[in-house]
**Student:** 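This structure is in structure tokens; I'll ask about it shortly.
Residues take their numbers from the sequence shown, with the count starting at 1. Computed from a predicted model, the values in this text were never measured in an experiment. We count ligands from 1, going down the list as the structure has it; atoms in each ligand are counted the same way.
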Amino acid sequence: MKICDAIDGMLEARRRNSNNGDGKSLGLVPTMGALHEGHLSLIRAAKTQCDLVTVSLFVNPLQFGPGEDLAKYPRDFDRDRALLEREGVDFLFAPGVEEMYPPGAVTYVTVEGIGDRLCGRARPGHFRGVTTVVSKLFNILQPDLAFFGEKDAAQVAIIRRMVRDLNIPVRIVTCPIVRDLDGLAMSSRNAYLDPQERKSATILYRSLMEVQKAFDQGEHEARELIKEGKRALAADPTVLLDYLEIVDPETLDPIDDVSRRALVAVAAFFGKTRLIDNLVLEPT
Ligand code: AMP
């Protein structure tokens, strides 16, 4: 695995790969490190669909709000590198903050409207940080395919829109949510949870399952479905709900009646740790 922390080095590696004329496809898996099975599932998907796989590892300050967990975000480069070596990744791009945002960098990519929904409303500026860094990664690495987890469903919708609106020549591939045995979606932030919070956190998935159950029993009114989910969450008084919404998976607009595919997205605090989860309701 070639490790690169410089943009020029990465551009050069990309140029060499496309100049040798054998048309090898490149897959990109953007991450913030602290890798878990969710990340590895994206890498394995990329390995099966692309000739070469690049993983980027960058804790992007631009997508953290003031008072969020940027400073304490888990970082373990050596462990991540060993995992990526084992997965047979070809390139690891791990730039420093100054490399990505040199002094004087003032240009941002904003997906308007849709970027202010769900986590975008709860975390102002978050998606602007995401779309800015992802478009930089697309420019630097020029992937044919880029892999994202359905765990961050709003992120997927926003990146798809950005790619469409800016005609970025990359295909977005999404992969299902990887969960622990008790249903909790894997997340680097799960490491923050104390044992009691870890136990409580399973309520996120259980509340989504309650929504699914009510839907399967014939309830299609979003207001009622949301009520079911919130009732399940309220069973644990230590949980602080941020949002539970039912929206169109592409526009993130709220849906009243689930007569077409609908994204049920939830975010809640367990102590100081904010976790998200979602599922897609599929009317038959
Ligand atoms: P992060 O390092 O948290 O920025 O995540 C990097 C990528 O991994 C994003 O596309 C996430 O959606 C994806 N990801 C994170 N957790 C999971 C999971 N539990 N299952 C599937 N993909 C995930």
**Student:** With a 4.0 Å cut-off on heavy atoms, does Ala34 reach ligand 1?
**Tutor:** no
**Student:** Check the pair Val247, Asp253 against side chain to side chain contact (heavy atoms under 4.5 Å, CB included), reporting the backbone distance first and the verdict last.
**Tutor:** CA-CA 5 Å; Val247 298; Asp253 285 333; over 6 Å; no
**Student:** For ligand 1, find out whether one of its N or O atoms is nearer than 3.5 Å to an N or O atom of Met32.
**Tutor:**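 By distance alone, the answer is yes.
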**Student:** I need the nearest protein heavy-atom contact for atom 22 (N) of ligand 1: residue, atom name and distance, please.
**Tutor:** Gly149 CA, 3.5 Å
**Student:** Identify which one of Arg189, Lys151, Arg179 satisfies the salt bridge (charged side-chain N to carboxylate O under 4.0 Å, His left out) criterion when paired with Asp277.
**Tutor:** Arg179
**Student:** Hey, does Ser41 come in under 3.5 Å of ligand 1, counting only N/O atoms on both sides?
**Tutor:**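 N/O-N/O distance below 3.5 Å does not exist for this pair.
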**Student:** Side chain of Asn190, backbone of Ala185: donor and acceptor closer than 3.5 Å?
**Tutor:**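 A pair under 3.5 Å: yes.
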**Student:** If you measure from each non-hydrogen atom of Pro176 to ligand 1, which part falls under 4.0 Å: side chain, backbone, both or neither?
**Tutor:**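 Backbone only.
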**Student:** What is the nearest protein non-hydrogen atom to atom 20 (N) of ligand 1, stated with its residue, atom name and distance?
**Tutor:** Val178 N, 2.9 Å
**Student:** Just to be sure I read this right, does ligand 1 sit under 4.0 Å from the backbone of Leu42, its side chain, both, or neither, counting only heavy atoms?
**Tutor:** side chain
**Student:** Relative to atom 1 (P) of ligand 1, which among Arg189, Gln63, His36, His39 owns the nearest non-hydrogen atom?
**Tutor:**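 Going through Arg189, Gln63, His36, His39 one by one, His39 has the nearest heavy atom to atom 1 (P) of ligand 1.
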**Student:** Is the closest N or O pair between Met186 and ligand 1 shorter than 3.5 Å?
**Tutor:**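 N/O-N/O distance below 3.5 Å exists for this pair.
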**Student:** Any donor-acceptor pair under 3.5 Å linking the side-chain atoms of Asp182 with those of Tyr205?
**Tutor:** no
**Student:** Spell out, as yes or no, whether a donor-acceptor pair under 3.5 Å connects the side chain of Thr132 to the backbone of Gly129.
**Tutor:** no
**Student:** What ring pair (Phe, Tyr, Trp, His ring centres under 6.0 Å) pairs are there with at least one residue in residues 213-266, not counting sequence neighbours?
**Tutor:**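 Residue pairs passing ring pair (Phe, Tyr, Trp, His ring centres under 6.0 Å), neighbours aside: Phe215-His220.
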**Student:** Would Lys272 count as a cation-pi partner of Tyr192, with NZ or CZ less than 6.0 Å from the six-membered ring centre and within 45° of the ring normal?
**Tutor:**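 Not flagged: Lys272 not positioned over aromatic ring of Tyr192.
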**Student:** Counting non-hydrogen protein atoms only, what is the nearest one to atom 12 (O) of ligand 1? Give residue, atom name and distance.
**Tutor:** Asp152 OD2, 2.6 Å
**Student:** At a non-hydrogen distance cut-off of under 4.0 Å, which region of Ser188 contacts ligand 1 (side chain, backbone, both, or neither)?
**Tutor:**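 Neither; nothing of Ser188 gets under 4.0 Å from ligand 1.
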